[in-house]
A.B. asks: 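Got a structure for you, questions after.
FYI, side chains are in, hydrogens and waters are out, and symmetry mates aren't considered; it's all heavy atoms of this structure. Chain identifiers are assigned alphabetically (A, B, ...) following the order of the sequence lines, protein sequences preceding nucleic acid strands; residue numbering begins at 1 within each chain.
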Amino acid sequence: MLDLEKVTINTGGFTVRDVNLAVRPGVCHVIIGPTGCGKTTLLEAVVGLKTPEAGEIRLEGRPINNLPIERRGISYLPQDLALFPHLSVEENILYSLRLRKDKGGRLRELAMELADNLGITSLFRRSIHNLSGGERQRVALVRALATGSRYLLLDEPFSALHEAMKKDLWLLIADLKRRLGLCIVMVSHDMEETFFLGDVISVMIDGVIRQTGPKDDVYGQPKDIAVAEFFGIKNLFLVEAVKMQEGQAAVRCPDLNGEFIIPAGRFPDASSVSPGDSFTIGIRPENIMLIRAGLKGENQDNILKGDIREVFPRGPASAVLFAPDGSNKLIEIDIPDYAMKKLGVARGAAAVVSLKGEKIFIIF
Amino acid sequence: MNFKKLSISFALLIFAIYAGLVLSIFYFFSAPLFLKIILSERTLFSIRLSLMAATMATALSVAFAVPSAYALSRFEFKGKDIIDTILEFPMIVSPAALGALLLIFFNTPLGGFVQKNTFQFVFAFAGIVLAQFVTTLGVATRLLKAALDEIPRRYEDVARTLGASPLSAFLTVTLPLARRGVLASVILTWAKALGEFGATIMVAGSMAMRTETLPVAIFMRLASADIDGTVVLILILVSVGFCILYAARLLAKGSCGA
């Protein structure tokens, strides 16, 4: 188990503040955030390349703040991989074995098994300069794991690869995590990668972890506006509680000129909300249903009438901007292509939308 | 004449100046005397003395310069800027002044104590080595720092996560990666030591068959109007110099890593 307690790192003009994390074995914990938010700095502090100004980093309960890098037992894959260019593939993989006693050849056996599994045995004699991007990633991964460490830190290692190669390596990492019981901490700014590999996600913005939780929780219920905006959610609207009744809350949204019913379960603490309280609601574009005007779907909850202002085709789905009647705000809706054709969605057409109450999230 | 042609003309002019100087010695070159002078006991002594002193001074300079260059390349510490500036000290201060400084030092009580308890430096072989060491140390450190700066620190960081101690990471990763740059630095340091004159003559004097390095020998032979001898010794130094510069240039071409 890797624990970070109130870790603060100051790197001249930038500070990573009060980070608390607990990463369990067999879990991939992804720290996601915009470029320059401090993700790499945090990872480097765990590895030992940066010294925390305050707080404690513990590995299996043992404080490691003052432990030299080489004695921490944490494998690290930096963004540029840093394969040693003066060594062959085999020498790179076996580098850690040159430095330590390998009782019974256990580590060598592990390295060879990993190399075999990852299909790089045939590359052993090759120079690092003659490897493709994917081969380099595999070699770096085997080199890191050949130390025998179960703690693996990944610093956006796949960012330079094309999509197909990336996905192959994601599968590989997921498989290794399961088979070896790895405890992985990965930093990324790629949503797809994060949701594919991450069991637990932390969102870091401006040096602060804003939210940590299982990926579905973080995705479905962003804790604050900065997190929601980082996830690209534009549908954030100010509302006022009108009535709290058993199992649900009625809210008025002047921004959209409508009233909505939200299940009480969507509130972190529904009992603390009183009529007149203001807060923000948000909803993902894919959780809004577009209904052609005049169809029977109009009797669904949280209905808004209006017209379609813009349509942006985006591959398998299109982004549609909907303007509710009497409102100057726009709602972004994701509509799959097949539905676009079926509903006859077009710029300027009248439409009705339904905001699924059970998908609305609340930000206080 | 456009700017491109003008700038190329100046570059060619530089070549012409040095080539002209080197070629001018052939005006006094005497083929029959060449072998006789070069094989004379005095010339061979000068060559042997110069090679030995330059090699020892280079070894000492590199031994000091490698860790210093590493510290200057990799770490931030108090006084770093001052040390970095002082590396140019031997280049700014005339070698004669540096030699005079050494001579003055050995005339202080501390200098006397050092000489009494270690080696005789003044007017001795150890003095030649010391003079060359002092004049080359700054250059060696500057060149080695440049070679180490070329190697990203990231390699050492990763080596350490793989279990290497800082020294082990330096020896197994940084140094092999910087080997060409390091070798080029060593060669240039050796060349500078070989050609050192001002500090050497100040500390070790100019005693024939005792402290007569090649540059000192050139000075002594010219002073005694031995033009043939001077020309031969200059040719030796020029030949060695060209070979060294060419080797260093070849090595520097691939100085960044593998």
Side-chain angles (χ1 to χ4, degrees), chain A residues 11-12 40 43-50 64 67-88 91-102 107 111 126-130 139-149 151-155 157, chain B residues 66-67 69-81 84 143-187 250-258:
Chain A
T11 55
T40 296
L43 217 57
E44 287 181 343
V46 176
V47 177
L49 301 174
K50 292 213 160 53
I64 58 167
L67 215 56
I69 303 166
E70 62 272 21
R71 288 177 53 204
R72 293 192 179 204
I74 296 175
S75 296
Y76 173 54
L77 218 65
Q79 199 168 359
D80 58 2
L81 304 176
L83 288 169
F84 305 137
H86 62 302
L87 302 179
S88 68
E91 287 165 336
N92 262 280
I93 287 171
L94 300 180
Y95 178 83
S96 63
L97 276 68
R98 285 166 57 184
L99 306 160
R100 63 184 77 197
K101 284 177 187 165
D102 182 19
L107 291 175
R126 281 222 216 147
S127 155
I128 294 303
H129 302 286
N130 300 327
V139 172
L141 200 55
V142 174
R143 182 181 69 173
L145 293 173
T147 59
S149 168
Y151 294 89
L152 178 63
L153 306 191
L154 305 171
D155 185 1
Chain B
V66 168
Y70 182 76
L72 290 167
S73 170
R74 292 292 194 262
F75 307 122
E76 294 302 320
F77 55 92
K78 273 187 184 173
K80 179 179 171 176
D81 288 344
D84 208 24
L143 291 170
L144 284 165
K145 180 183 177 294
L148 295 175
D149 282 345
E150 290 283 312
I151 310 303
R153 190 185 171 146
R154 179 63 86 200
Y155 291 122
E156 279 171 59
D157 292 343
V158 168
R160 293 195 63 197
T161 68
L162 295 170
S165 65
L167 178 64
S168 179
F170 174 72
L171 293 174
T172 58
V173 176
T174 310
L175 206 54
L177 284 175
R179 65 189 182 280
R180 284 173 178 273
V182 169
L183 209 54
S185 309
V186 171
I187 289 173
L250 279 183
L251 287 166
K253 269 186 185 171
S255 64
C256 186

A.B. asks: Using non-hydrogen atoms and a 4.5 Å limit, figure out which bit of L83(A) sits close to chain B: side chain, backbone, both or neither.
C.D. replies: backbone

A.B. asks: Give a yes or no on whether the backbone of P176(B) and the side-chain of R179(B) come within a donor-acceptor separation of less than 3.5 Å.
C.D. replies: yes

A.B. asks: What pairs with E156(B) under side chain to side chain donor-acceptor pair (under 3.5 Å), at least two apart in sequence or on another chain?
C.D. replies: Y70(B), R74(B), T174(B)

A.B. asks: Looking at V47(A), L49(A), T147(A), which makes the most heavy-atom pairs under 4.5 Å with chain B?
C.D. replies: L49(A)

A.B. asks: Which bit of A146(A) is near chain B, if near means a heavy-atom gap under 4.5 Å: side chain, backbone, both or neither?
C.D. replies: neither

A.B. asks: Hey, does the side chain of R143(A) reach the backbone of L77(A) with a donor-acceptor pair shorter than 3.5 angstrom?
C.D. replies: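 It does not hold such a pair.
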
A.B. asks: Shortest non-hydrogen contact from S75(A) to S149(A)?
C.D. replies: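 Heavy-atom minimum between the residues: OG-CB, 3.4 Å.
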
